[in-house]
Amino acid sequence: MNIEENKLQIPNYSPSLKRKRLFYELDQHKNVSLLLVTGDSGYGKTMLISSYIREKNIPAVWYQLGSSDRFAHIFLSYVKTGIYRYMGIDHSPQIIEAEDVDTELAAVVSILADRKEPLLLVFDDYQLVDPSPEIEPIINELTHSSPAVTVIIISRGLPRLPIAKLKVERKYKELTTSDLAFTLDETRSFFNEMNQLNLEDQEVQFIFERTEGWIASYQLILGVIAKMNRKERFSLWSTFPYMQDIYDYLSVEVLQAQPEEVKHFLYKTSMLSELDPVVINEFLGIDYSEKILSRLLTQHLFVYRDQQGMIRYHRLFRQYLYQNYKDHLKNDYMKEHLRLAAIYEKRYQLINAFAHYTIGKDYLKAAEIMGLIRDLYNPVESMLFLDGWLEEISAGDSFANNTLFLIRCVPLATLKELTTLFEENISLLKKKKNELWLCNLQHRLATIYLMRGDIVKAKQLFSDSLKGSEQFHDHAMSALNLILMAEIYRYLGKYETAIEHVRKAVFISDRYKIKHTQIHALDTLATIYLDKEEVDKAAPYIQLALNIAKEHDKSTLIFVYTTMGRLYSVKNEDAKAIEWGEKAVSLAESFNNDFDNGWSKHELGKSYLKSEKFEEAKKCFEQAFQAFALFTHYQCMVAISMYHLYTVIGDEAQAEKTYTEINNTCDKYDFYWLLDSLEPKGATMAPGEQTKQLSIQTLGSFKVFYENRPITIKRQSSLRLLQYFITHRNKKIEKDIIIDTVFPDGSLSNIENHFNVSLSVLRKTLEPDLKSGVRSRFIKRFGNQYLFDSTDVDLDVEVFTNLTKDNSDRDIKKLEKAVMLFQGDYFEEYPYETMLESERERIRLLFVNASQILAKHYFQQKNYQQCFEHYERILDKYPYQENIYFDYLELLLKKNLVTKANKVAGDMKQFFDEEMGISVNDQIKDVFSKFSVQMHG
């Protein structure tokens with residue numbers, strides 16, 4: 001039997017990343033006799049040592065072990081050959097006889113004892129020979145042969161060697177998985193410097209955190225993304241770690257090498273985020289899990305102890321195991337989660353119990369456990385813990401699966417503190433430009449804002465989150481963002497926009513088979529149609545939502561039952577409406593969380609009110625009002641229902657008091673969208689019956705009338721604000737833009753105050769009977785935006801614009817009205833107000849064009865007097881209109897009105913020559929010559 005030469009060759013992994021951090025640790029080899037490098041498969045153990053030896057050019061003998069090397073005579077034959085060959089000692093490279101092992105070992109040790117220069121003896125894949133009792137004595141002899149010799153053992157598991165004495169003598173050093181794992185900086189260097197991929201920082205961070213620095217995965221990832229562009233890479237991250245190459249590696253290199261008992265253990269325990277032997281024994285019905293865990297730790301099988309001493313699987317390995325086990329069990333995996341939940345509940349490990357009940361979709365038990373958590377734990381800490389815990393336990397499932405349920409379970413008192421923490425984290429991620437995690441946080445914070453009633457902030461955050469979730473192909477999160485944005489548009493009365501958003505969510509949910517968002521989307525779509533009282537459109541959607549919810553997500557039944565109640569209420573089937581409403585309330589009470597109670601009881605109360613069961617309605621409204629104690633927006637909605645109740649039963653005093661409270665709340669929190677629902681249906685006048693109390697004249701002299709009485713805007717800054725609003729009428733304008741234009745001077749604090757005072761004065765001037773700014777019909781606020789609504793204003797410039805905006809049909813009656821309405825320039829008494837110049841010029845051009853069209857029309861009709869009057873009026877107001885003069889001259893000369901033409905020509909020359917210093921004489925002569933007429937003067 002001959003020596004296999006390749007087993008004694010140092011592997012060459014160049015080019016490889018120079019790991020300065022670990023090279024520094026390895027430089028200490030001169031001080032130790034045994035250096036142990038242990039770790040899971042794929043952590044670069046061999047690459048590290050070989051690249052270090054080559055980089056530092058250190059004398060070394062390398063021995064790549066195989067399972068056949070577990071026999072002492074074979075093992076020693078390779079050791080002897082490697083050492084002799086390195087030292088230049090002549091010998092025959094053959095396998096020694098078994099009976100000569102002791103003699104040959106003594107000879108090798110004798111040679112090493114004389115060694116003065118450093119020498120490394122490297123034994124790679126030592127786990128293949130470690131079970132053999134024949135190898136240990138040889139390693140012990142080699143380790144103690146000379147101070148110049150360092151034995152390096154590379155192994156997946158901890159070898160059975162007597163190292164205690166070496167530790168005491170400080171002759172032992174160990175590098176483990178945690179040492180070998182790439183750091184964030186090394187991850188960046190590997191992809192961007194060594195392989196020149198130019199990944200974004202957030203991508204580097206993502207890879208590092210999701211792989212926990214597992215080096216083998218870096219090579220596999222590199223092979224996939226090397227030729228991808230940014231868009232393709234970001235699509236990949238959305239499905240990570242579901243890369244076939246990674247899963248194949250774990251299957252072939254790790255799992256297949258394990259006995260069936262260990263495989264079974266690994267798969268089943270992948271459902272646990274922390275490997276507690278007591279829990280595992282009960283879960284698996286065994287009593288020896290501690291021994292298996294000890295073995296897994298010894299073998300470094302992607303298992304480690306965290307800083308708290310808890311045993312865990314490495315993230316990628318657990319996700320691989322969990323996904324495979326979940327696919328094998330199919331829907332039964334939820335039953336396994338529920339079994340675990342019961343075990344944790346019995347042991348009073350409530351956070352784990354809540355998480356497993358939630359993933360197992362036993363929402364009633366989850367809500368019950370949350371009640372205990374609220375009583376026992378610091379609420380903010382427990383919520384932050386749960387914020388990432390569901391994802392951790394479900395090993396890769398989208399947080400969107402459970403986000404609404406989790407937020408509904410949040411103790412109300414913690415919302416404010418959670419909001420602050422989420423805002424800080426979002427700000428930090430934005431600074432780091434880390435979009436991969438940003439959309440999840442934005443969505444969670446948006447949901448909290450929505451429930452608190454700050455829908456302006458919620459809408460923006462949902463919109464931002466939607467962009468991120470679409471970018472990273474998180475379909476569940478995209479659908480949920482669209483649905484909740486649709487809810488907001490529904491509140492604002494923008495039903496078509498709401499329907500557009502929710503239909504997109506339905507499409508995504510159907511396409512990607514996301515049941516929980518499908519239910520929510522169908523329910524929301526039905527709700528929108530019920531708002532519009534389109535029962536036939538709503539009915540099929542809510543029925544489908546009910547069918548899916550019963551099978552896939554019972555936590556949503558509260559909302560589906562409530563919508564079903566609304567459906568029957570709109571159909572005037574009051575008994576059925578109450579029946580469904582009571583079912584929703586009963587389910588909500590079993591969940592025992594405030595939001596669900598408030599939601600269901602408010603809707604049931606409205607059904608009772610419609611059925612004239614006033615006492616029952618009042619009781620429901622009072623309970624809902626209390627349940628929404630910290631949800632101001634929803635509480636205000638309940639208050640509106642109570643106001644309608646008091647109005648119906650004739651309790652005027654209570655109705656007036658409630659009305660005032662609602663107004664104050666809407667004013668304070670800017671709930672402008674709720675004010676329309678304050679007035680009972682049918683209370684407003686029909687459009688044709690409405691009179692416009694406010695009249696504003698801007699073309700020529702500026703005048704304002706309120707109920708036909710002239711009013712004066714005494715405050716100059718309020719007047720400028722009105723001029724700006726009219727100029728940008730019916731458009732939402734950011735407050736900062738208004739301030740910059742209308743109040744360009746002064747300190748920020750003074751300007752802010754100046755704006756508020758000017759706005760208040762303007763509102764009260766335009767609407768003398770206005771009690772609250774939030775109820776203004778003309779100057780409306782939308783969060784940080786303002787809009788001047790001209791719908792109920794008789795505004796001359798608006799009428800003028802509408803009459804002249806489309807001249808293609810040459811509607812002469814409209815144009816005549818417009819020209820008659822034009823009494824002068826737009827705000828002509830304020831010629832030097834720069835913010836009015838653009839609108840003034842636009843209106844002026846519309847007037848000139850309209851007048852010119854009318855003039856030509858009357859010329860064709862041979863009504864020359866009318867024609868000439870329009871030209872005269874244009875030139876009287878705007879004598880610098882050169883083209884108008886020439887058009888007018890041509891028409892006069894066509895009719896051979898030479899005297900009149902000469903007068904117009906003289907006026908033109910006088911104005912342009914004397915006023916503007918421009919000679920137009922030759923151009924005028926050309927016009928006259930076209931008609932063979934001699935120009936006078």
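By convention here, the first residue in the shown sequence is residue 1.
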So, the side chain of [X] versus the backbone of [Y]: is there a donor-acceptor pair under 3.5 Å, distance only?
| X | Y | value |
| --- | --- | --- |
| S465 | L461 | no |
| R54 | I10 | yes |
| S270 | Y267 | yes |
| E25 | R21 | no |
| N324 | Y320 | yes |
| R210 | I207 | no |
| E232 | N229 | yes |
| K45 | G39 | yes |

Between [X] and [Y], does at least one N-O distance fall below 4.0 Å, as a salt bridge requires?
| X | Y | result |
| --- | --- | --- |
| R156 | D125 | no |
| R315 | E212 | no |
| K56 | D27 | yes |
| R230 | E200 | yes |
| E136 | R160 | no |
| E186 | K18 | no |

*Taking it one step at a time, do M87 and L119 satisfy side chain to side chain contact (heavy atoms under 4.5 Å, CB included)?*
CA-CA 10 Å; M87 293 186 172; L119 177 66; 4.2 Å; yes

What's the separation between atom [atom1] in [X] and atom [atom2] in [Y], rounded to the nearest 0.5 Å?
| X | Y | atom1 | atom2 | value |
| --- | --- | --- | --- | --- |
| L316 | L321 | CG | CG | 11.0 Å |
| S251 | Q256 | OG | CD | 4.5 Å |
| S469 | Q471 | OG | CD | 9.5 Å |
| S146 | L112 | OG | CG | 7.0 Å |
| L17 | L22 | CG | CG | 10.0 Å |
| W62 | Q9 | CH2 | CD | 12.0 Å |

*State which residues pass salt bridge (charged side-chain N to carboxylate O under 4.0 Å, His left out) with K291; sequence neighbours excluded, sorted by chain then number.*
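Salt bridge (charged side-chain N to carboxylate O under 4.0 Å, His left out) list for K291, sorted by chain: empty.
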
*asked:* Before you tell me yes or no, could you show the steps for L272 and L340 under side chain to side chain contact (heavy atoms under 4.5 Å, CB included), namely the whole-Å CA-CA distance, both residues' side-chain angles and the distance that decides it to 0.1 Å?
replied: CA-CA 8 Å; L272 288 77; L340 273 171; 3.8 Å; yes

Would you kindly say whether [X] and [Y] are connected by a side-chain donor-acceptor distance under 3.5 Å?
| X | Y | result |
| --- | --- | --- |
| Q323 | D327 | yes |
| Q205 | D201 | no |
| T517 | S509 | yes |
| N481 | E470 | no |

*Heavy-atom count around E117 CD within 6.0 Å, excluding the residue itself: above 12?*
no

*Check whether more than 12 heavy atoms from other residues, nucleotides or ligands sit under 6.0 Å from atom CG of N57, and answer yes or no.*
no

_Please confirm whether the ring centroid of F75 lies under 6.0 Å from the ring centroid of F123._
yes

Do the non-hydrogen side-chain atoms of [X] and [Y] ever get within less than 4.5 Å of each other?
| X | Y | answer |
| --- | --- | --- |
| L266 | Y325 | no |
| L161 | Y126 | yes |
| L35 | V151 | no |
| L120 | V61 | no |
| L297 | L158 | no |
| P59 | Y86 | yes |
| L184 | E209 | no |

Show the nearest heavy-atom pair for residues [X] and [Y], with the distance to one decimal.
| X | Y | result |
| --- | --- | --- |
| I74 | S68 | CD1-O, 3.5 Å |
| V32 | R170 | CG1-O, 4.2 Å |
| L128 | L65 | CD1-O, 3.6 Å |
| R233 | N198 | NH2-O, 4.4 Å |
| S478 | I508 | CB-CD1, 4.3 Å |
| P159 | I153 | CG-CG2, 4.4 Å |

*Decide yes or no on side-chain hydrogen bond (donor to acceptor under 3.5 Å, both in side chains) for S16 and S14, but give the supporting numbers first.*
CA-CA 5 Å; S16 61; S14 60; over 6 Å; no

*Would you check, one step at a time, whether the test side chain to side chain contact (heavy atoms under 4.5 Å, CB included) holds for N352 with V279?*
CA-CA 11 Å; N352 281 320; V279 174; over 6 Å; no

*May I ask you to establish whether K7 and Y78 are in a cation-pi arrangement, using a distance under 6.0 Å from NZ or CZ to the six-membered ring centre and at most 45° from the ring axis?*
yes

*Tell me whether the guanidinium CZ or amine NZ of K80 lies under 6.0 angstrom from the six-membered ring centre of Y84 and within 45° of its axis.*
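Yes, K80 sits over the ring of Y84.
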
Look at the rings of [X] and [Y] and say which category their plane angle falls in: under 30° parallel, 30 to 60° tilted, over 60° perpendicular.
| X | Y | result |
| --- | --- | --- |
| Y313 | F317 | perpendicular |
| H475 | H473 | perpendicular |
| F182 | F190 | perpendicular |
| Y218 | F191 | tilted |

*May I have the step-by-step check of side-chain hydrogen bond (donor to acceptor under 3.5 Å, both in side chains) for D69 and Q64, ending in yes or no?*
CA-CA 9 Å; D69 300 313; Q64 178 63 56; over 6 Å; no

*Partner set under side-chain contact (heavy atoms from CB on, under 4.5 Å) for E290, not counting sequence neighbours*: P277

*Could you walk me through whether I225 and L199 pass side chain to side chain contact (heavy atoms under 4.5 Å, CB included), step by step?*
CA-CA 10 Å; I225 69 172; L199 300 186; 4.2 Å; yes

*Please test Y172 against E174 for side-chain hydrogen bond (donor to acceptor under 3.5 Å, both in side chains), starting from the C-alpha separation and ending with a verdict.*
CA-CA 7 Å; Y172 171 82; E174 182 179 350; 2.8 Å; yes

*Residue pair S33, T143: steps toward the side-chain hydrogen bond (donor to acceptor under 3.5 Å, both in side chains) verdict*: CA-CA 6 Å; S33 299; T143 302; over 6 Å; no

